[in-house]
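What follows is one structure encoded as C-alpha cells, with my remarks underneath.
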There are 2 protein chains.
Amino acid sequence: MSFIKSSSSGKPQVQKNIAFCTLLGGLLPDDDILITDLFNHFDNKVREQEKSISREALSNVHGDWYEWLLAIAAWNYTAENPNANLALLLPNVIQFDVSTLYVERLNKLIDDLRNKVITVSGVQLITSNPDFVIVNRDLVNQYFGNIEPITKISTTSLSNLETMYQRFINKCDYEQIEGYISVKTSLRPDRRLQIPHEGSLMKALYAHLQTREWITNPKGLKYYAIATRMTPPDRSALKTVATHSLTTVFSLPQAAVDNVFEVNSLKQAKQAFSSILV
Amino acid sequence: MSFIKSSSSGKPQVQKNIAFCTLLGGLLPDDDILITDLFNHFDNKVREQEKSISREALSNVHGDWYEWLLAIAAWNYTAENPNANLALLLPNVIQFDVSTLYVERLNKLIDDLRNKVITVSGVQLITSNPDFVIVNRDLVNQYFGNIEPITKISTTSLSNLETMYQRFINKCDYEQIEGYISVKTSLRPDRRLQIPHEGSLMKALYAHLQTREWITNPKGLKYYAIATRMTPPDRSALKTVATHSLTTVFSLPQAAVDNVFEVNSLKQAKQAFSSILV
DNA sequence: CCGCACCGGTGCT
DNA sequence: TAGCACCGGTGCG
C-alpha cells in the first residue's frame with residue numbers, strides 16, 4: 001500500500017501512520033531488533049517509493065515512529081503488569097493543555113498562577129507538551145476495563161493510543177499524575193536542553209500545587225527521558241537542577257530529569273518501563 | 001579565494017570564516033540589506049563552488065555568520081557610544097566556563113554551589129554557553145584603550161572578536177556582567193525553549209550570588225534573544241518565567257528572557273543594541 | 001496557512 | 001576523537 005501522498009502544493013509527502021503500519025506489516029518488530037536499524041531500513045523503503053523525500057521529512061517521521069513504538073511497548077507493559085502505571089501519548093500544546101488532566105480544583109490553581117504571573121510581571125508559563133504523561137494505575141482501573149495487549153498495529157490502534165489521554169481530562173488528583181516522559185530518537189547538546197526546561201517547569205507547577213494545597217510530604221512528580229542513544233554528557237546535562245529547587249529553602253536541590261534511559265530495542269523498552277511504570 | 005577545503009575524510013567542507021570574509025568582500029553589508037537575503041545569496045555562491053555541500057552544513061554555517069555580523073555590529077555600536085556596554089562572543093562550554101569571568105570570590109561561590117548540589121543530590125548545573133556576554137563599560141574602559149570601529153572584515157578581525165572575552169577572565173564583579181544574549185537565525189517551537197532554559201539557569205546563579213553576598217537591591221541580570229524573525233508565539237514562549245522566581249517569596253515572578261528583538265538587517269541590529277547595551 | 005514538535009548533518013576545537 | 005552548538009525542512013491539526 002502506498003504511503004506517499006501529494007500535498008496540496010503537489011509535493012510528495014510521507015503519511016507517517018500509514019507508512020509505519022505498512023512497513024511494520026502490522027506487527028511489532030522482534031525484541032532485539034535495533035530501532036535505529038529498523039528506521040534506516042524503513043527510510044530506504046520510503047525512498048524506493050519516492051526518492052525526492054528529504055532528510056528533514058524523515059527526521060520528522062522518525063520522531064512519531066519512535067513515540068508510537070514506545071507507546072505500544074508501554075501499553076503492553078501495563079497490560080501485562082497489574083500494578084504498573086500507564087504512559088499515554090499527548091498531543092501538542094495548542095491542541096491540549098496538559099493541566100486540564102487535573103481535577104478542576106487543581107486545574108484552577110494552575111490557572112490562578114498563570115493569571116497572576118501574567119498580570120503581575122507579564123510573564124508566561126510556557127513549555128512544549130511532554131510526549132507522555134504517566135497516569136496512576138488505580139485511576140486507570142476506574143476508567144478502563146481490562147487492558148488488552150496490542151499485537152496488531154493499524155492506523156486505528158495508533159489513533160486509539162493518541163486519543164486515550166482524553167479519558168483522563170479533569171480526572172487526575174494531585175498524586176495521580178505520576179510524571180512525564182520525554183522521548184527523542186537522537187540528542188544534540190543544544191536540543192537536549194529542551195528536556196530540563198520542560199521538566200523544570202512541570203515540577204515548579206507541581207511544587208506550586210503542593211504549596212497551595214498544604215501537602216507536606218508529596219511523593220514527587222517524576223520526569224524521564226528516553227533516546228536510542230545516551231552518552232555520558234547527555235546523562236549529565238539531563239540531570240541538571242530544576243532551578244526552583246535551588247532557591248526553595250525547605251527542599252534539597254532536585255533534578256529536572258529524574259532518570260534517563262537508552263532504548264534502542266523493544267527489549268530495552270521493557271526494561272525501561274519496568275523502572276518507569278514501577 | 002576558495003573557502004572549500006577537503007576534510008580528513010575527503011569530504012568537501014565550508015570554511016566558515018574564510019567564506020564569510022570572501023563573500024562579504026571584507027566589508028559590512030549595507031544597513032538595509034536583509035540578512036536572510038544575504039545568506040541566501042551566499043548559499044548560492046557556496047554551492048557554485050561545491051554543489052555537494054548539504055543543507056545542514058549551510059545551517060551550521062549560518063549560525064556563525066549571524067553571530068559574527070551581530071558581534072561586529074555590537075562592537076561598532078560600543079565604539080560609537082561612550083556609555084554603551086560591550087557584548088562579547090563566547091566559545092562553547094567545554095572550551096570555557098562562563099563563571100570564570102567573575103572575580104575569584106564570586107567564582108568560588110558558584111563552584112561551592114556546583115559542588116553542593118552534586119554531593120547532596122547528584123544534580124548538575126548545566127546549560128550551553130550563551131552566545132554573548134554583556135560586560136559593563138566601566139570595566140571595559142579599564143582593560144581597553146579606545147575602541148575602534150571595525151570596517152574591514154578579515155579572519156584576523158573575527159579571531160580577535162572571538163577571543164576578546166579572555167581579557168575579562170576573573171575581572172567581573174557582581175554587577176559588571178550585565179547580562180547575556182542568545183542569538184539564532186531562525187526559531188522553532190522546540191528549539192526556542194533552549195533560550196529560557198539558559199536564561200533561567202544564569203538568573204538562578206545570579207540569585208544565588210545575591211543571597212551569598214547579602215546584596216539587597218541588585219539591578220538584575222539581563223537575558224536577551226535575537227533572531228531574524230520573531231513571531232508572537234516566539235515572543236510569548238521566550239517570556240516564560242524563570243522558575244526559581246516562582247518559589248522565591250521575596251521577589252516577583254521574573255521572565256527568563258527580558259526582551260527579544262527581530263534583527264534581519266544591520267539597521268535593526270543598531271536599534272536592538274541601542275536598547276540592549278543601554 | 002500557521003503553529004507545534006520532530007531531528008540529523010554539519011565546522012570546529 | 002568526541003563533544004559543542006549550529007538550524008531548516010518537514011507531517012499534521
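First the proteins, then the strands, lettered A, B, ... as listed; each starts at 1.
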Of all heavy-atom pairs linking Ser99(B) and Asn107(B), the shortest is O-OD1, 3.4 Å

Sequence neighbours excluded, the answer for side chain to side chain contact (heavy atoms under 4.5 Å, CB included) partners of Phe261(B) is Tyr224(B), Ile226(B), Asn259(B), Val263(B), Ala272(B), Ser275(B), Ile276(B)

Atom CZ of Arg192(A) and atom C1' of dC6(C) are separated, to the nearest Å, by 18 Å

Residue pair Thr127(B)/Gln95(A) against DNA chain D: nearer the 5' end by closest nucleotide is Thr127(B)

The answer to which of Ser128(B) and Arg191(B) contacts DNA chain D further toward the 5' end, by nearest nucleotide, is Ser128(B)

Testing dC6(D), dC4(D), dC4(C) for proximity to the side chain of Ile94(A), the answer is dC4(C)

Within residues 177-190 of chain A, the residues having a heavy atom closer than 4.0 Å to DNA chain D are Arg188(A), Pro189(A), Asp190(A)

When rounded to whole Å, the CG to P distance for the pair Asp234(A) and dG8(C) reads 13 Å

Residues in residues 50-58 of chain A with a heavy atom under 4.0 Å of DNA chain D, by number, are Ser54(A), Glu56(A), Ala57(A)

Testing dG11(C), dA5(C), dG8(C) for proximity to the side chain of Lys11(B), the answer is dG11(C)

Salt bridge (charged side-chain N to carboxylate O under 4.0 Å, His left out) pairs touching residues 43-54 of chain B, sequence neighbours excluded, are none

From the candidates dG3(D), dA5(C), dC7(D), the one with an atom nearest any side-chain atom of Pro233(A) is dG3(D)

Validation: residues 160-169 of chain A side-chain donor-acceptor distances under 3.5 Å, sequence neighbours left out:
residue   : atom : partner   : partner atom : Å
Glu162(A) : OE2  : Trp68(A)  : NE1          : 3.0
Thr163(A) : OG1  : Ser159(A) : O            : 2.9
Thr163(A) : OG1  : Asn160(A) : O            : 3.3

When rounded to whole Å, the CG to P distance for the pair Leu90(B) and dA5(D) reads 10 Å

To the nearest angstrom, the CG-C1' distance between Leu89(B) and dG11(C) comes to 16 Å

Rounded to whole Å, CZ of Arg229(B) lies from P of dC7(D) at a distance of 15 Å

Nearest heavy-atom contact between Thr127(B) and Val93(B) is O-CG2, 3.9 Å

The answer to which of Ser59(B) and Asn92(A) contacts DNA chain C further toward the 5' end, by nearest nucleotide, is Asn92(A)

| query | Between the side chains of Thr185(A) and Thr228(A), does any donor sit under 3.5 Å from an acceptor? | reply | no

Closest of dC12(D), dA5(C), dG11(C) to the Gln15(A) side chain is dC12(D)

Separation of dG8(D) atom P from Asp43(B) atom CG, nearest Å, is 9 Å

Side chain to side chain contact (heavy atoms under 4.5 Å, CB included) filter on Ser59(B), not counting sequence neighbours, yields none

Between CD of Glu162(B) and C1' of dC4(D) the distance, given in whole Å, is 14 Å

Contacts satisfying salt bridge (charged side-chain N to carboxylate O under 4.0 Å, His left out) that involve residues 58-72 of chain A (not counting sequence neighbours) are Lys16(A)-Asp64(A)

Leu193(B) atom CG is separated from dA5(D) atom P, nearest whole Å, by 17 Å

Residues at least two apart in sequence or cross-chain that pass side chain to side chain donor-acceptor pair (under 3.5 Å) with Thr22(A), listed by chain then number, are none

Here the salt bridge (charged side-chain N to carboxylate O under 4.0 Å, His left out) pairs for residues 190-203 of chain B, sequence neighbours left out, are Arg192(B)-Asp234(B), Lys203(B)-Asp258(B)

Residue set satisfying side chain to side chain contact (heavy atoms under 4.5 Å, CB included) with Arg235(A), at least two apart, ordered chain then number -> Met230(A), Val260(A), Glu262(A)

Residues of residues 63-72 of chain A with a heavy atom under 4.0 Å from any atom of DNA chain C, listed by number, are Gly63(A), Glu67(A)

Among the nucleotides dA5(C), dC6(D), dG8(C), whichever has the atom closest to the side chain of Val93(A) is dA5(C)

Sorted by chain and residue number, the side chain to side chain donor-acceptor pair (under 3.5 Å) partners of Ser6(B) (sequence neighbours excluded) come out as none

